[in-house]
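Here's the structure, in structure tokens; my notes come after.
Quick caveat, the model's predicted, so the values are computed rather than measured.
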Amino acid sequence: MSVRVRFAPSPTGKLHIGNARTAIMNWVFARHENGTFILRIEDTDVERSSEESERGILQDLHWLGLNWDEGPDVGGPHGPYRQSERLVIYREHAERLLQEGKAFYCYCTPDELEERKQKAIAEGRSANYDGRCRNLTEAERQAFEAEGRKPVIRFHVPEVDLSFDDIVRGEVTFPAGQIGDFIILRADGMPTYNFACVVDDGLMQITHVIRGDDHLSNTPKQIALYQAFGWETPHFAHIPMILGPDRTRLSKRHGATSVEEFAKHGYLPQALINYLSLLSWSSESGEEILSVQRLIDEFDFSRVSKSPAIFDVVKLNWMNGVYIRQMDVPHLTDLCVPYLKKAGYKLPDRLVLEKIIRVVQPSLEKLEDVIAKSEMFFIDESEPENEQAVVMLNRESTQKVFWSFLRQLDTIGQMTVEQFRKIMKVVSEETGVMGKDLWMPVRIALTGKMHGPDLPLVAEILGKEKCRRLIKRWVLE
RNA sequence: GUCCCCUUCGUCUAGUGGUUAGGACUCAGGAUUUUCGAUCCUGCAACAGGGGUUCGAAUCCCCUAGGGGACGCCA
């Protein structure tokens with residue numbers, strides 16, 4: 001049977017890095033197996049779901065380069081792919097369990113439930129649902145209805161051990177009686193996660209459920225449901241979660257956590273996919289820079305680890321830099337333009353622009369870094385970045401160097417890398433100043449910075465007249 | 001509290017009874033260079049603890065500790 005997997009986000013916010021990793025694993029596995037990758041929107045939480053979130057998630061998925069074979073926007077033979085459009089299906093399936101005596105109406109209010117739960121915990125008993133409404137008589141039901149109570153439908157969980165063979169965890173067993181009768185249909189008729197998930201996965205003929213291991217303890221509930229329906233259970237693969245540096249679930253307070261934010265800062269989708277893939281998975285080759293195609297070719301569940309991984313933005317930065325350095329200049333230029341425009345820089349013609357990008361390319365970790373790294377080419381004059389730079393400019397030898405430099409400038413035509421080197425050589429001979437004492441003042445005058453790209457390259461881009469102006473500025477009359 | 005899961009350098013990981021416990025990021029040092037970066041080289045740094053099993057355990061078993069997750073009319 002051909003592999004069918006799904007990514008089922010709930011549209012209650014941005015696409016989170018952890019969810020993105022789950023999506024990537026599903027997608028990579030599907031492509032590796034020549035299977036089908038399905039996108040399903042789990043919007044049963046009316047309060048928190050929004051169309052805007054759904055659009056954002058689809059956009060982020062596209063940005064990552066993931067494509068799906070079936071989904072809300074592309075359709076497919078098992079639709080609809082939005083849970084809010086499948087309510088009759090859930091209703092029908094809940095009715096069926098009701099008729100077969102595998103589910104029951106429960107009239108307990110949230111307050112009553114909470115109170116009994118607290119009491120149970122205080123007395124050292126299980127915090128699970130206590131089965132209060134499991135065997136209501138018709139009269140009792142009528143009484144509750146008369147009170148105006150709206151019932152939920154609960155699934156009667158059989159008292160048996162539930163175990164399954166998780167692809168990454170191995171055999172996992174939950175002892176009988178550990179799972180309370182859980183709600184499958186809320187009072188407002190909306191299905192709950194565990195129910196909708198099973199109905200959909202069953203009907204959509206999902207063969208492998210690949211998801212974060214925070215769902216591990218949901219799995220026995222879902223298996224009980226599969227068994228109640230008489231459906232074959234899919235294979236489960238619970239992948240470890242991604243944690244923040246403090247070893248807790250990655251959240252906003254750990255900094256950027258949404259794909260959108262990473263995109264905004266100028267991370268490359270290939271780099272993000274590559275990095276995320278390496279969290280809890282490794283290539284047999286031991287290599288770390290892996291193209292999407294290699295990820296697909298080499299993916300194997302046996303190489304997925306069981307322990308959670310901490311998200312390390314420093315390593316992501318390094319990897320993103322590797323991808324930036326590998327990129328050809330025209331392409332990188334295209335990607336940098338929006339950032340430069342946003343910074344308000346007046347862009348020169350394409351040829352010069354590509355020269356600038358080529359020069360700063362090795363120093364970029366993220367695309368947004370281009371703003372700071374290329375500033376010197378876009379502003380009229382850069383102020384010395386610190387006191388030490390000012391001191392350098394005011395040295396006695398510096399004046400000699402600058403005078404000599406300006407004289408030599410008149411002897412050349414256009415400023416080029418070669419001409420600049422030649423000038424510096426002559427200046428050195430003329431003044432006797434060399435090394436750092438020679439180069440640093442010139443660098444500071446031209447760029448304001450004590451560090452930066454190879455100076456001849458900078459000078460060529462700046463051009464003869466701008467070099468003259470910038471040097472002249474520091475010459476004492 | 002109950003149940004489930006996890007535990008190798010600071011971080012990501014390799015490792016499936018016999019290895020000087022390997023690699024990557026970070027960091028430090030060196031080479032190169034006018035500087036930073038990039039690049040190359042070198043180095044620092046780990047089997048959570050305790051019991052077993054075994055000639056031999058990072059690898060198998062048990063216990064403890066720590067961490068995570070579930071116990072929602074969230075997903």
Atom [atom1], compared across [N] and [M]: separation rounded to whole Å:
N: B:G29; M: B:C44; atom1: C1'; result: 10 Å
N: B:G52; M: B:G68; atom1: C1'; result: 28 Å
N: B:G18; M: B:U54; atom1: C1'; result: 12 Å
N: B:C73; M: B:G15; atom1: C1'; result: 47 Å
N: B:U20; M: B:A45; atom1: C1'; result: 16 Å
N: B:G49; M: B:A57; atom1: P; result: 15 Å
N: B:U35; M: B:G67; atom1: C1'; result: 46 Å

Nucleotide paired to [N] in any strand shown, Watson-Crick or G-U, under 3.5 Å:
N: B:A75; value: none
N: B:U42; value: B:A28
N: B:U33; value: none
N: B:U2; value: B:A70

Closest nucleotide among [options] to the [X] side chain:
X: A:Tyr193; options: B:A75, B:G68, B:C3; value: B:A75
X: A:Arg247; options: B:G67, B:U7, B:C25; value: B:G67
X: A:Val172; options: B:C6, B:C4, B:A38; value: B:C4
X: A:Leu279; options: B:A75, B:C73, B:C12; value: B:C12
X: A:Ser282; options: B:C73, B:A14, B:A70; value: B:A14
X: A:His451; options: B:U35, B:A75, B:U2; value: B:U35
X: A:Leu216; options: B:U11, B:C4, B:A75; value: B:C4
X: A:Arg303; options: B:A14, B:U34, B:C3; value: B:A14
X: A:Leu455; options: B:C25, B:C73, B:U34; value: B:U34
X: A:Met440; options: B:G37, B:U35, B:G69; value: B:U35

Report the residue (A:Asn128 or A:Ser307) whose heavy-atom-nearest nucleotide on RNA chain B is the more 5′ of the two.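 Taking each residue's closest nucleotide, the earlier one in sequence belongs to A:Ser307.
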On RNA chain B, check which nucleotide each of A:Trp439 and A:Arg169 is closest to and give me the residue with the more 5' one.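 First, find each residue's nearest nucleotide; the 5'-ward one identifies A:Arg169.
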Whole angstrom is fine here: how far is it from [atom1] in [X] over to [atom2] in [N]?
X: A:Met376; N: B:U35; atom1: CE; atom2: P; value: 16 Å
X: A:Asp214; N: B:C71; atom1: CG; atom2: C1'; value: 14 Å
X: A:His16; N: B:C74; atom1: NE2; atom2: C1'; value: 15 Å
X: A:Met319; N: B:U26; atom1: CE; atom2: P; value: 11 Å
X: A:Arg154; N: B:C71; atom1: CZ; atom2: P; value: 13 Å
X: A:Asp369; N: B:A38; atom1: CG; atom2: P; value: 12 Å
X: A:Lys315; N: B:C27; atom1: NZ; atom2: P; value: 13 Å
X: A:Leu243; N: B:C5; atom1: CG; atom2: P; value: 18 Å

Any luck finding a side-chain donor-acceptor pair between [X] and [Y] under 3.5 Å?
X: A:Thr22; Y: A:Arg211; value: no
X: A:Asp166; Y: A:His238; value: yes
X: A:Tyr339; Y: A:His265; value: no
X: A:Gln408; Y: A:Glu430; value: yes
X: A:Glu365; Y: A:Asn320; value: no

Could you check whether the rings of A:Trp281 and A:Phe299 sit parallel, tilted or perpendicular, using 30° and 60° as the cut-offs?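 Parallel.
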So is the aromatic ring of A:Trp318 stacked onto the base of B:C25, judging by whether the centres are under 5.5 Å apart and the planes are under 30° apart?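 According to the criterion (under 5.5 Å, under 30°), no, A:Trp318 does not stack.
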Under-4.0 Å salt bridge between A:Arg40 and A:Glu42: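 A:Glu42 and A:Arg40: salt-bridged.
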Assess whether one donor atom and one acceptor atom, taken from the side chain of A:Asn218 and the base of B:A75, lie less than 3.5 Å apart.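 Answer is yes: a donor-acceptor pair is held.
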Under 4.0 Å from OP1 or OP2 of B:A75: is there any side-chain N or O of A:Thr44 that close?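 Indeed, a polar side-chain atom of A:Thr44 lies that close.
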Gap between atom CD1 of A:Ile17 and atom NE2 of A:His254 - 0.5 Å precision: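 Rounded to the nearest 0.5 Å, the NE2-CD1 separation comes out at 13.5 Å.
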Have a look at A:Pro245 and say if it touches a base, only the backbone sugar-phosphate, or nothing, with a 4.0 Å heavy-atom cut-off.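 Nothing, no nucleic acid heavy atom in range.
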